[in-house]
Number of protein chains: 2
Amino acid sequence: MNDQECQHNPEVEEASGTLAEQVYHRLSEAILSGELPPGMKISEPALARQYGISRGPLREALHRLQERKLITRSANQGARIVKPSPEALAELFLVREALEGMAARLCALQASNAEITRLRAAVTRASPGQDRDLNERDDQDFHFAIAQYSRNPMLTDLLCLELYPLLRLYRGLPTFPRPRTTRAALEHERIVAAIEDRDADLAEMMMRRHIAAARLRREAALIQTETG
Amino acid sequence: MNDQECQHNPEVEEASGTLAEQVYHRLSEAILSGELPPGMKISEPALARQYGISRGPLREALHRLQERKLITRSANQGARIVKPSPEALAELFLVREALEGMAARLCALQASNAEITRLRAAVTRASPGQDRDLNERDDQDFHFAIAQYSRNPMLTDLLCLELYPLLRLYRGLPTFPRPRTTRAALEHERIVAAIEDRDADLAEMMMRRHIAAARLRREAALIQTETG
DNA sequence: ACCCGCCAAAGTGTTGACAGTTTTTCCGAG
DNA sequence: CTCGGAAAAACTGTCAACACTTTGGCGGGT
């Protein structure tokens, strides 16, 4: 009935299971990528037409997004895309520091030798010399691997399925700290070295400093903006 | 059409907003309290009849519970109440250690003097002498207050709305560590003392030891059970 | 010109019914 | 008695329609 579906993303559309599941993932991606502008009010009939489905599955997806705090809902007043704020970004970095610090600790304690070898390979491949900078993809892979090798599914899910996706929301924010390429690569190397030594305390401390550095850079930039 | 509604809990039924919201909270409570046995398969028609509503709002509530990981859903196979495992409990305690440690740190850095005074009053009231033991309610209030005074809404929500409720699920587990009354009260006192001194490092360390103590006691009990 | 109440249009919340799938049951063959 | 398979019951996924609420605009009164 709708000839102009898939107008928002001409990708493969064969997906998993139910319509509610599909639209949930597509909406999640649309929000995190900024395709749906923050603060926008969601009209259920309009969105349902756009995706070529009924309101039932759409509402189920919206309730899941609500629980993930990607949208806000109030009774009889509809849903709105969540609006990222500099304050929320600061909070996120502190939570991330705590969780990734623990992940690095567990990694040092429990990762297998094979996993550590893979970590080392990825880090040295990402920065073979002084001149090679760390790109965003390598950085994400590194943190993703640490989270996985912690052997704590609850912690891994929290980081990879909730915190890391949320970070994408804040990329457009003017206060989002740009990665410090060569410096970050060096810190990654030291974290892996601590894990290789099975030094849990050092691994956690290094990871926390690594995360905190981005937060502190951002706070410094904020102050400079205010006074400048 | 249903004369025997509310058969499961004869309480006040006037609640907030939509039916989906009400049934979401009631189901959440039912799962966490163990009223709905872990691992049980959920029949949507049966539950809908039991709560006197249609399947639509019920399904919306179920999708929210799925996102909270209180139930598991697979396409065309229905939903099941999540089953707590000793492994998941161990993971939970590690995540809690990381997050509450950070909360105590932020508390030491950012809590107002009035809030710290309230913390101190609550701790001394909970254990006026050596003989007075720490009950469960006082313990929960203490950790709840720390989470709140951290002035980090994202961290507070994670702890109070996700981790702490989840803990109730594991209370029935034979491996759940029973509180160490007088010892825990002493540790609480030391944490508050560190916060009063605005000693962020010490506050975090004390809180992490406090959480880790419960985890270690549990692991020790497990080993003893295996060998005994 | 401004404010207040009414009316229509749109939107959200809820329901019952229909289609496709899974699970159970039941019956006969081996 | 056990095993396999087909029919039937139950259940999940989906949809369109209905009831109630909110929103926007219009007209009348001040």
Seminar exercise, completed: Among C:dT12, D:dG13, D:dC11, the one nearest any side-chain atom of B:Pro45 is D:dC11

Seminar exercise, completed: In whole angstroms, the gap separating C1' of D:dT12 from CD of B:Gln77 amounts to 11 Å

For this session: Grab the CZ-C1' distance between B:Arg73 and C:dT21 for me, whole Å please.
Result: 15 Å

Seminar exercise, completed: Between NE2 of A:His63 and P of C:dT12 the distance, given in whole Å, is 11 Å

Exercise. Is any N or O donor-acceptor pair between the side chain of A:Arg55 and the base of C:dG11 shorter than 3.5 Å?
Worked result: no

Exercise. In Å and rounded to the nearest 0.5 Å, what is the CG to CE distance from B:Leu94 to A:Met102?
Worked result: 5.0 Å

Exercise. Measuring from A:Gln66:CD to B:Tyr24:OH, what's the distance to the nearest 0.5 Å?
Worked result: 8.0 Å

Exercise. If you check every side-chain atom of A:Ala20, which of C:dT14, D:dT14, D:dG13 has the closest atom?
Worked result: D:dT14

Exercise. Looking at D:dT14, C:dT21, D:dT21, which one has an atom nearest to any side-chain atom of A:Thr18?
Worked result: D:dT14

Problem set entry | Sole candidate of B:Leu70, B:Val23, B:Ile71 that passes side chain to side chain contact (heavy atoms under 4.5 Å, CB included) when paired with B:Ser28 | B:Leu70

Problem set entry | Under-4.0 Å salt bridge between A:Glu21 and A:Arg64 | yes

Problem set entry | Residue closer to the 5' end of DNA chain D, A:Ala75 versus A:Ser54 (nearest nucleotide) | A:Ser54

